[in-house]
Protein chains: 2
Amino acid sequence: MGITKTDQFTLKQNQIATLAKAIGHPARVAILDYLMKVDSCICGDIVNELPLAQATVSQHLKELKNAGLIKGNIEGNAICYCIDEKAFTKLQNYFLNLAKQVEKKKSKCC
Amino acid sequence: MGITKTDQFTLKQNQIATLAKAIGHPARVAILDYLMKVDSCICGDIVNELPLAQATVSQHLKELKNAGLIKGNIEGNAICYCIDEKAFTKLQNYFLNLAKQVEKKKSKCC
DNA sequence: TTACTTTATCGTAATATTGCAATTAACTTT
DNA sequence: AAAGTTAATTGCAATATTACGATAAAGTAA
């Protein structure tokens with residue numbers, strides 16, 4: 001009833017789902033886009049870049065951090081956010097593997 | 001308010017978010033896993049493969065179909081579900097581009 | 001110390017998602 | 001036609017997410 005049956009699926013399935021879910025909101029995609037765009041990652045101005053209130057942005061950043069997609073270092077009284085490559089590598093591998101599988105069975109398929 | 005401010009983000013950001021969101025549930029990851037595993041895609045037995053009720057599985061299939069990740073053809077009184085490569089290609093490109101960007105600024109970063 | 005800046009957290013309201021039993025719809029088999 | 005099979009839909013309850021104002025926390029600057 002509204003609660004995901006996490007324990008019924010494999011660890012890997014849950015990991016992929018968690019990562020994908022974190023990317024599954026346009027505001028969080030926009031945050032990732034911005035973190036990629038800026039040269040340095042000393043960026044205390046993510047809030048100004050997004051059309052959302054500060055509290056909301058903070059919440060989205062927290063979710064990205066929880067999923068392991070970004071990491072934040074305290075830098076004076078601002079915070080330096082960065083993309084964390086490790087998580088993205090995991091997702092990339094998933095999609096690469098998926099693409100390989102799909103390619104293999106292309107002929108047998110509708 | 002609880003409603004996502006879709007109109008405040010770019011089309012691409014929304015597209016990526018929609019695709020990622022669809023993958024953001026272990027049951028749907030499991031469905032994709034299964035569709036990849038089986039040889040043919042004439043598969044009316046997805047329900048038996050998952051630890052969820054028929055109605056729930058049907059709902060998850062619908063979401064995957066809405067996101068464009070799978071496609072379903074009617075095959076007698078069963079339905080043949082397949083992975084739709086196009087959507088995955090879009091996601092893969094996103095991650096490939098992201099990886100490239102991250103690589104480029106590795107040195108300047110924390 | 002006081003004022004300012006920056007980010008996190010709390011509380012709350014609105015909306016979305018997840019899951020299932022029951023039912024319906026559409027096709028097959030007998 | 002009657003019974004059976006397969007998948008979608010409906011209705012509902014429980015939980016999660018999204019968003020924001022207000023406030024707190026932690027640092028910096030005057």
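Values below: every heavy atom of this structure, side chains too, minus hydrogens, waters and symmetry copies. In this text the structure is predicted, and so the values were computed from the model without any measurement. Lettering follows sequence order; numbering is per chain, from 1.
Both A:Lys62 and B:Ala27 lie near DNA chain C, and the one whose nearest nucleotide falls closer to the 5' end is A:Lys62.
A straight line from CD1 of A:Ile31 to C1' of C:dT7 spans 13 Å, rounded to a whole angstrom. Atom CD of A:Gln8 and atom P of C:dG19 are 10 Å apart (whole Å). Atom CD1 of B:Ile70 and atom C1' of D:dA7 are 13 Å apart (whole Å). Atom-to-atom, CG of A:Leu61 to P of D:dA19 comes out at 13 Å; the value is rounded to the nearest Å. The CG atom of A:Leu64 sits 14 Å away from the C1' atom of D:dT18 (whole-angstrom rounding). Rounding to whole angstrom units, CG of residue B:Asp45 and C1' of D:dT6 are separated by 12 Å. Atoms CG (B:Asp7) and C1' (D:dA19) sit 14 Å apart, rounded to a whole Å.
Here the side chains of A:Asp7 and A:Asn14 are not in contact, with every heavy-atom distance at 4.5 Å or above. By the 4.5 Å heavy-atom criterion applied to side chains, B:Asn93 and B:Thr89 are counted as neighbours.
Between C:dT18, C:dA16, C:dT9, one nucleotide has an atom nearer to the side chain of B:Lys21 than all others, and that is C:dA16. With D:dA7, D:dA19, C:dA8 as the choices, the nucleotide that has an atom nearest any side-chain atom of A:Ile79 turns out to be C:dA8.
Between B:Asp84 and B:Gly68, the closest heavy-atom pair is CB-O, 3.4 Å.
Sorted by residue number, the members of residues 50-60 of chain A with any non-hydrogen atom under 4.0 Å from DNA chain C read A:Gln54, A:Ala55, A:Ser58.
Close to D:dA8, at under 4.0 Å from its OP1 or OP2, lies a side-chain N or O of B:Tyr81.
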